[in-house]
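Chain A is the first sequence line, chain B the second, and so forth, proteins listed ahead of strands; every chain is numbered from 1. A quick note: this is a predicted structure, and the numbers were derived from the prediction, not measured.
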Amino acid sequence: MTYDPVEIEGRWQEAWAEADLFVADEQSEKPFFYALHMFPYPSGDLHMGHVEAFSLADAVARFARLRGHEVMNPIGWDSFGLPAENAAIQRGADPKAWTYANIETHAATMRRLGLAWDWSRRLHTSDPAYYRWTQWLFLELFKAGWAYRRDANVNWCPNDQTVLANEQVVNGACERCGTIVTKKALTQWFLRITAFAQRLLDDMEQLQETWPERVLTLQRNWIGRSEGARVAFRIEAPGLEPEDVVVYTTRPDTLFGATFFVVAPEHPHARAWAAAGGVTEEFDAFLQRVQRQTDVERQASEKAKEGLFLGVYAINPVNGERIPVYAADYVLMEYGTGAIMAVPAHDQRDFEFARAYDLPVRVVVAPEGAELDGATMAEAHVGEGVMVNSPGYDGLDWPTAKQALTRDLEERDLGEGSVNYRLRDWLVSRQRFWGAPIPIIHCPECGLVPVPDEDLPVLLPPTEEVEFAPSGESPLATHALWSKVTCPTCGGQARRDTDTMDTFVDSSWYYLRYISPGREDVPFDAEALRRWMPVDQYTGGIEHAILHLLYSRFFTKALHDLGHLDFVEPFTRLKSQGMVVMQGAKMSKSRGNLVEPKELLAEYGADTMRTAILFAGPIEDDVDWADVSEAGVFRWLSRLARLVDEHVEAGGDGQADEELRRATHGAIAGVTSDFVAFKYNTVIAKLMELTNAVSSAFRERGVRGAAVQQALETLSIMLSPIAPHLAEELWHRLGREPFVAAQSWPTFDPALLVEASKQVPVQVNGRLRDTVTLPVGASRADAEQAARESQNVTRHLESREVVKVVWVPDRLVNIVTRA
RNA sequence: GGGCGAGUGGCGGAAUUGGCAGACGCGCAGGAUUCAGGUUCCUGUGGCCGCAAGGCUGUGGGGGUUCAAGUCCCCCCUCGCCCACCA
């Protein structure tokens with residue numbers, strides 16, 4: 001058998017390891033290239049999604065190496081997290097042992113895939129040597145005022161018994177386990193990502209060309225900048241001093257259409273107003289009812305809006321009108337100021353509420369000739385409402401009215417232009433065990449005291465001393481001694497913080513640790529940092545478009561401001577790959593549609609698997625494994641191996657073959673640009689095409705020797721980022737010294753352009769009539785003459801009068817005649 | 001409700017961005033090898049007409065611009081993804 005993948009792959013994997021081929025050389029003279037992929041979480045063994053992600057990452061790195069870069073292509077594991085702890089709860093496994101056993105399983109399969117990782121930089125976020133610096137980073141943020149504690153009504157997962165960040169709540173359910181999330185009032189740690197909201201938006205400018213538009217859009221929507229105004233309404237309540245309450249609105253231009261005022265039930269003043277209005281009992285019942293609801297219930301779109309008139313009134317600052325104040329469940333305390341002016345004619349939600357509670361609808365008239373805004377209810381419900389103008393703003397279109405009103409509010413000191421963001425601060429504390437302990441000491445005398453640098457890391461206690469069963473309390477708090485500590489400031493009795501950090505903290509800076517993973521004195525070596533950062537090419541799943549990428553960008557900016565980094569964006573270029581599914585559904589054990597990489601590796605080998613998954617379609621699209629033809633890819637690789645063997649055996653003298661040379665150089669040009677554009681499916685198609693060309697030259701035209709040799713060598717080099725083992729093997733069988741991975745990318749021969757001739761179609765009135773051979777770069781006159789002289793064309797022209805001749809250089813001649 | 005994107009053979013998908021539509025692979029059909037199946041190797045393969053040469057037609061539907069449209073413009077249809085009481 002010419003192609004025995006298992007034997008070939010094992011042999012070359014050993015040879016590569018022996019030669020330390022993929023260890024990045026810090027002393028290199030070549031330009032440095034940091035190829036990064038999103039490091040895996042170690043649960044079980046690798047699945048097909050990993051195979052795709054790693055095939056992509058490896059192709060990127062190997063191609064960069066062939067193009068003459070010194071490449072760093074590191075590997076590590078995001079090894080803190082809930083699944084390890086759940087395994088401990090469900091099966092009594094030690095989360096640490098479970099995690100590190102999985103890592104070894106991963107590593108073994110990775111080696112079997114022949115991935116060109118730089119294993120010398122391997123890291124695990126659950127190693128004390130790593131999380132020591134995660135804790136350092138937390139303290140840096142703490143000292144800068146960007147990590148803080150506050151009471152909050154937080155997202156609580158009743159199943160995982162821990163709080164969740166907003167970003168980890170998907171459709172009101174826990175991102176991990178799918179349980180409906182409830183609310184709980186707790187004191188928690190937050191990171192002040194909102195302080196960076198505008199910069200996170202602005203700096204996307206520099207990613208515009210190099211990140212997928214889709215990811216940028218998702219991030220923009222997530223940050224959710226909106227422009228409007230803050231306007232003060234005076235609240236008049238019997239027995240209370242008049243008081244200004246600020247609302248946020250994106251539509252100050254509809255101020256004249258406000259017919260009532262709404263606050264969130266949780267609004268700090270709501271209860272006092274209810275008391276003044278004489279509805280305390282009703283209010284308390286209402287508040288209780290609202291708070292018992294989960295977010296999903298409260299936000300269900302088909303649900304009727306509920307509210308309560310508080311018996312007090314607000315004064316509209318622009319017209320002095322007195323409007324009733326309601327508490328309603330559709331106004332959220334977390335956004336804006338927790339209070340709104342309701343303009344039912346111009347807002348769907350206000351309109352629904354107005355209908356339910358029989359409140360007036362008043363349309364603010366759009367100026368003559370101005371288009372109605374998309375959100376307006378005016379057109380649909382004009383019959384129900386009264387039409388009003390905005391006195392003094394007539395004749396202005398909406399945007400101008402908005403500007404003018406905002407300016408006037410500012411001048412009259414009634415309000416101000418204001419920008420709001422949907423983004424909230426990042427809740428990072430978790431009541432779980434398997435994570436980096438928050439390095440803070442709670443001292444009754446000194447308050448929150450950072451653990452001194454020399455006492456880092458704050459180590460997790462041995463797992464057997466901890467109670468994992470969820471109790472709503474941190475497992476670390478169940479340990480008899482762990483949290484007891486003396487205050488580093490005053491020496492008194494104090495208590496360690498028993499929460500651990502969200503694992504997204506660990507993964508938001510790992511790319512910096514890869515730079516110098518061995519350093520014990522600093523998180524990253526400053527000089528090496530300048531060599532490698534920012535990352536040249538980042539690859540990973542689209543599912544991280546928001547969380548991981550946004551947090552990493554935030555950390556980079558924070559570290560920049562603290563003087564640790566001299567750049568503000570961590571990832572210069574980003575490519576996101578799609579998911580691997582099976583028959584349209586996500587692969588999973590329970591669905592029974594799992595395809596195990598192990599079985600395919602044994603049957604076809606790593607090269608076939610890697611090639612097949614990249615050949616399936618554009619890398620950013622989802623791949624349906626049902627459409628993947630590993631047998632077809634295997635046939636191609638076998639055919640190629642056989643062709644090489646036959647060529648080597650046949651020998652022969654060095655005849656040049658123009659056709660083969662052109663096919664080879666055409667492939668070089670096409671494959672190179674496709675590699676640059678991540679079009680691996682067409683890269684592979686072109687390599688197959690070249691294989692067919694070599695095969696027909698060899699078999700049908702009897703070409704022997706140097707011409708075939710050169711084509712096959714070129715093919716081997718171009719194949720090596722995709723199917724590295726076979727490429728290496730063919731290179732070897734062709735009589736070259738190892739390693740193909742150390743060669744240079746073949747260059748296209750421009751001389752070919754000058755010498756080459758092209759088959760150019762000739763049309764008469766747009767219909768193909770003939771094909772003529774013209775030198776590349778031929779002039780219009782040459783082309784026209786050749787076209788007119790061709791027999792088929794002469795026949796079709798007959799005696800018709802030629803109106804014009806269209807000449808698209810190297811592509812087409814079209815002779816247009818009078819009808 | 002808002003935002004983004006996509007519709008090309010039986011299937012996955014190509015098309016140098018306005019220039020020979022369907023590259024490459026799968027599948028299918030016929031043939032060779034084989035006792036047979038599998039493997040492997042040829043040949044064919046958008047549809048319609050034709051023995052053939054060849055012709056007509058064809059990129060969700062309709063209209064338009066152009067010598068030339070899968071690609072650009074207008075209208076319509078269908079599907080997918082993301083966000084969503086965010087004021």
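Pairing for B:rG5 is with B:rC79, a Watson-Crick or G-U wobble pair whose two hydrogen-bonding atom distances lie under 3.5 Å. Summarising the base pairing, B:rG18 is matched to no nucleotide, lacking a Watson-Crick or G-U wobble pair whose two defining distances lie under 3.5 Å. Both distances falling under 3.5 Å, in either a Watson-Crick or a G-U wobble arrangement, place B:rC11 opposite B:rG25. With both pairing distances under 3.5 Å, B:rU39 is matched to nothing as a Watson-Crick or G-U wobble pair. Using the Watson-Crick or G-U wobble rule with both distances under 3.5 Å, B:rC56 pairs with B:rG47. Look at B:rG70: it lacks any Watson-Crick or wobble partner with both distances under 3.5 angstrom.
Taking atom CD of A:E630 as the reference point, atom P of B:rG27 lies 10 Å away to the nearest angstrom. Taking atom CD of residue A:E543 and atom P of nucleotide B:rC83, one finds them 13 Å apart after rounding to whole Å. Atom CH2 in A:W636 sits about 10 Å away from atom P in B:rG25, given to the nearest Å. One can place CZ of A:R230 at 14 Å from P of B:rA87, the figure rounded to the nearest angstrom. In this entry the distance linking CE of A:M579 with P of B:rC81 reads 10 Å, nearest Å. What separates NZ of A:K305 from C1' of B:rG1 is a distance of 11 Å, to the nearest Å. One atom, CG of A:L423, and another, P of B:rA84, lie 13 Å apart when rounded to the nearest Å. Atom CD1 in A:I223 sits roughly 19 Å away from atom P in B:rG3 (whole-Å rounding).
When the C1' atom is compared between B:rU65 and B:rC74, the two are found 11 Å apart, to the nearest whole Å. Rounded to the nearest Å, the gap between the P atom of B:rC48 and that of B:rU34 is 36 Å. Comparing the same atom, C1', in B:rC4 and in B:rU66 gives a spacing of 31 Å after rounding to whole Å. Rounded to a whole angstrom, the distance from the P atom of B:rA14 to that of B:rG60 is 15 Å. Annotation: B:rG13 and B:rA23 have their P atoms spaced 16 Å apart (nearest Å). Annotation: B:rG64 and B:rC49 have their C1' atoms spaced 32 Å apart (nearest Å). Between the C1' atoms of B:rU59 and B:rU33, the separation comes to 41 Å (whole Å). The gap from the P atom of B:rC28 to that of B:rG38 amounts to 11 Å, rounded to the nearest Å.
Taking the side chain of A:Y330 as heavy atoms from C-beta on, and the options B:rA87, B:rA23, B:rC85, the nearest nucleotide is B:rC85. Nearest nucleotide to the side chain of A:L332, out of B:rA23, B:rG25, B:rA87: B:rA87. Distance from the side chain of A:S629 is smallest to B:rC26 among B:rC85, B:rA23, B:rC26. Listed nucleotides B:rA87, B:rC11, B:rC24 differ in distance to A:I340; the shortest reach to its side chain belongs to B:rA87. Taking only side-chain atoms of A:F615, from C-beta outward, the nucleotide of B:rG3, B:rA87, B:rG25 with the closest atom is B:rG25. Across B:rA87, B:rG27, B:rC86, the shortest atom-to-atom separation from the side chain of A:R424 is found for B:rC86. Ranking B:rU40, B:rC83, B:rU43 by closeness to the A:E700 side chain, first place goes to B:rU43. When the nucleotides B:rG19, B:rG13, B:rA87 are ranked by their closest atom to the side chain of A:D347, B:rA87 comes out on top.
Remark: A:R422 is in phosphate contact with B:rA84, judged by side-chain N or O atoms under 4.0 Å from OP1 or OP2. Note on A:R642: a side-chain N or O is less than 4.0 Å away from OP1 or OP2 of B:rC41. Within the 4.0 Å cut-off from OP1 or OP2 of B:rA14, at least one side-chain nitrogen or oxygen of A:N681 is found. Taking only side-chain nitrogens and oxygens, A:Y335 comes nearer than 4.0 Å to OP1 or OP2 of B:rA87. Close to B:rU39, at under 4.0 Å from its OP1 or OP2, lies no side-chain N or O of A:R635.
Side chain of A:H267 to main chain of A:G338: no donor-acceptor pair is present (N/O by atom type, distance under 3.5 Å, no hydrogens or angles).
Using a 4.0 Å cut-off between charged side-chain N and carboxylate O, A:R642 and A:E649 make no salt bridge. The pair A:E659-A:R701 meets the salt-bridge criterion, with a side-chain N (NZ, NE, NH1 or NH2) lying under 4.0 Å from an Asp/Glu carboxylate O. Here A:E227 does not pair with A:K402 in a salt bridge; the nearest charged N to carboxylate O distance is not below 4.0 Å.
In this structure, A:N692 reaches the sugar-phosphate backbone alone: every heavy-atom distance under 4.0 Å involves primed, P, OP1 or OP2 atoms, never a base. No engagement by A:R699 is indicated, since no non-hydrogen atom pair under 4.0 Å with the nucleic acid exists. Within the 4.0 angstrom heavy-atom criterion, only backbone atoms of the sugar-phosphate kind lie near A:K679; the bases stay farther away. A:R214 comes within 4.0 angstrom of sugar-phosphate atoms only, judged by non-hydrogen atoms across all strands, and of no base. Heavy atoms of A:L812 sit under 4.0 angstrom from at least one base atom. Using a 4.0 Å heavy-atom cutoff across all strands shown, A:G224 reaches no nucleic acid atom at all.
Between the side chains of A:S226 and A:Y248, at least one donor-acceptor pair of N or O atoms lies under 3.5 Å.
For the salt bridge (Lys or Arg N to Asp or Glu O under 4.0 Å) test, no residue two or more places apart in sequence or in another chain qualifies with A:D782.
A:Y3 is not listed as a side-chain neighbour of A:L640, based on a closest heavy-atom distance of 4.5 Å or more. Using a 4.5 Å cut-off on side-chain heavy atoms (C-beta onward), A:V623 and A:D627 make no contact.
Glycosidic conformation of B:rG9 is syn; the angle stays within 90° of 0. Taking the syn range as angles within 90° of 0, the glycosidic angle of B:rU17 is syn.
Two residues, A:P618 and A:W807, neighbour RNA chain B, and the one matched to the more 5' nucleotide by heavy-atom proximity is A:P618. Heavy-atom nearest nucleotides on RNA chain B were determined for A:G632 and for A:N221, and the one closer to the 5' end corresponds to A:N221.
Ring to ring, A:Y357 and A:F260 are not that close: their centroids are 6.0 angstrom or more apart.
Not a single donor-acceptor pair, N or O on each side, falls under 3.5 Å between the base of B:rC83 and the side chain of A:R220.
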